[in-house]
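Below is one structure; the comments refer to it alone.
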Amino acid sequence: QVQLVESGGGSVQAGGSLRVSCAASEDRYSTYCMGWFRQAPGKEREGVATIRSDGQTNYVDSVKGRFTISRDNAKNTLTLYLQMNSLKPEDTAMYYCAADHPGWGAACSLRLGFYSYWGQGTQVTVSS
């Protein structure tokens, strides 16, 4: 069972930067794929970026060139990051961390149903 805890959200003006983090309990199997998802008020949750344990990444088109996902597989700890630059008001949402293992060699999907483990979320607000 993987436990995921997000942190680092906050408020920023348009054009600014934020980095959100996700601390994962030690379960290297179930964290083979990890991703960031977001849900804005009144909208469905959507995939933002994913990363496989070997570093392969995948981004939704709306954040390409602005957001960078990374993971730190240090001994006994695993932390997922999302560096967000050139933020826009439409990036305002609750950001969630997720993890799962789809099978060795499989790509990490941006689809919500692909992931079994979820954090509680951290709020990101971008003002114009």
Side-chain angles (χ1 to χ4, degrees):
Q1 190 79 7
V2 179
Q3 294 181 333
L4 304 170
V5 180
E6 301 94 335
S7 61
S11 297
V12 65
Q13 289 191 327
S17 298
L18 273 177
R19 188 177 77 164
V20 291
S21 303
C22 172
S25 59
E26 188 179 1
D27 183 335
R28 298 306 168 98
Y29 179 84
S30 295
T31 54
Y32 183 72
C33 282
M34 297 190 76
W36 287 100
F37 297 77
R38 66 186 180 187
Q39 187 166 18
K43 295 188 176 181
E44 293 186 351
R45 194 174 298 188
E46 65 170 351
V48 176
T50 64
I51 185 167
R52 203 165 65 179
S53 60
D54 63 357
Q56 183 184 83
T57 58
N58 187 20
Y59 295 91
V60 69
D61 286 346
S62 61
V63 307
K64 286 180 180 177
R66 300 190 298 122
F67 290 11
T68 302
I69 189 170
S70 61
R71 57 193 287 168
D72 183 355
N73 295 322
K75 184 178 179 181
N76 296 328
T77 64
L78 172 56
T79 306
L80 181 71
Y81 299 102
L82 185 68
Q83 177 67 44
M84 301 180 288
N85 299 328
S86 302
L87 281 161
K88 304 175 181 180
E90 51 264 43
D91 295 317
T92 295
M94 185 72 79
Y95 283 72
Y96 297 90
C97 170
D100 213 324
H101 194 305
W104 299 110
C108 298
S109 173
L110 285 167
R111 292 184 289 111
L112 275 65
F114 190 82
Y115 297 87
S116 299
Y117 305 105
W118 292 85
Q120 295 301 306
T122 185
Q123 179 67 37
V124 171
T125 303
V126 184
S127 57
S128 57

If you compare all heavy atoms of [X] against all heavy atoms of [Y], which two are closest, and at what distance to 0.1 Å?
X     : Y      : answer
Thr50 : Leu110 : CG2-CD2, 3.7 Å
Asn73 : Ser53  : ND2-O, 3.9 Å
Phe37 : Ser109 : CZ-O, 4.5 Å

Let me confirm one number: the CD1-CE distance from Ile51 to Met34, rounded to the nearest 0.5 Å.
9.5 Å
Partners of [X] by side-chain hydrogen bond (donor to acceptor under 3.5 Å, both in side chains), sequence neighbours excluded?
X      : value
Asp54  : Arg52
Thr122 : none
Gln39  : Arg45

Contacts of Thr68 that satisfy side chain to side chain contact (heavy atoms under 4.5 Å, CB included) - sequence neighbours left out
Tyr59, Gln83
According to a hydrophobic-cluster definition based on side-chain heavy atoms being under 4.5 Å apart (Ile, Leu, Val, Met, Phe, Trp, Tyr only), do Leu82 and Val60 belong together?
yes
Group every Ile, Leu, Val, Met, Phe, Trp and Tyr by side-chain heavy-atom contacts under 4.5 Å, then state whether Tyr115 and Val48 land in the same group.
no
Report yes if the side chains of Trp118 and Leu112 come closer than 4.5 Å at any heavy-atom pair, otherwise no.
yes
Side-chain atoms of residues 12-23: list all donor-acceptor pairs with protein atoms under 3.5 Å, sequence neighbours left out, distances to 0.1 Å.
| from | atom 1 | to | atom 2 | distance (Å) |
| --- | --- | --- | --- | --- |
| Ser17 | OG | Asn85 | OD1 | 2.9 |

Short side-chain to backbone donor-acceptor contact, Glu6 and Gln120, under 3.5 Å
yes
Only pairs at least two apart or in different chains count here, so list each disulfide (SG to SG under 2.5 Å) that has a residue in residues 98-128.
Cys33-Cys108
Lys64 meets the salt bridge (Lys or Arg N to Asp or Glu O under 4.0 Å) criterion, sequence neighbours left out, with Asp61
Indicate every side-chain donor-acceptor pair of residues 86-100 with a distance under 3.5 Å to a residue at least two apart or in another chain.
| from | atom 1 | to | atom 2 | distance (Å) |
| --- | --- | --- | --- | --- |
| Asp91 | OD1 | Arg38 | NH1 | 2.9 |
| Asp91 | OD1 | Arg66 | NH2 | 3.1 |
| Asp91 | OD2 | Arg66 | NH1 | 2.8 |
| Asp91 | OD2 | Arg66 | NH2 | 3.4 |
| Asp91 | OD2 | Lys88 | N | 2.8 |
| Thr92 | OG1 | Pro89 | O | 2.9 |
| Thr92 | OG1 | Val126 | N | 2.8 |
| Thr92 | OG1 | Val126 | O | 3.3 |
| Tyr95 | OH | Arg38 | NH1 | 3.0 |
| Tyr95 | OH | Asp91 | O | 2.6 |
| Asp100 | OD2 | Ser116 | N | 2.8 |
| Asp100 | OD2 | Ser116 | OG | 2.5 |

If you link ILVMFWY side chains whenever their heavy atoms are less than 4.5 Å apart, which other residues fall into the same cluster as Tyr29? By chain and number, please.
Tyr32, Trp104
With sequence neighbours left out, the residues meeting ring pair (Phe, Tyr, Trp, His ring centres under 6.0 Å) with Phe67 are none
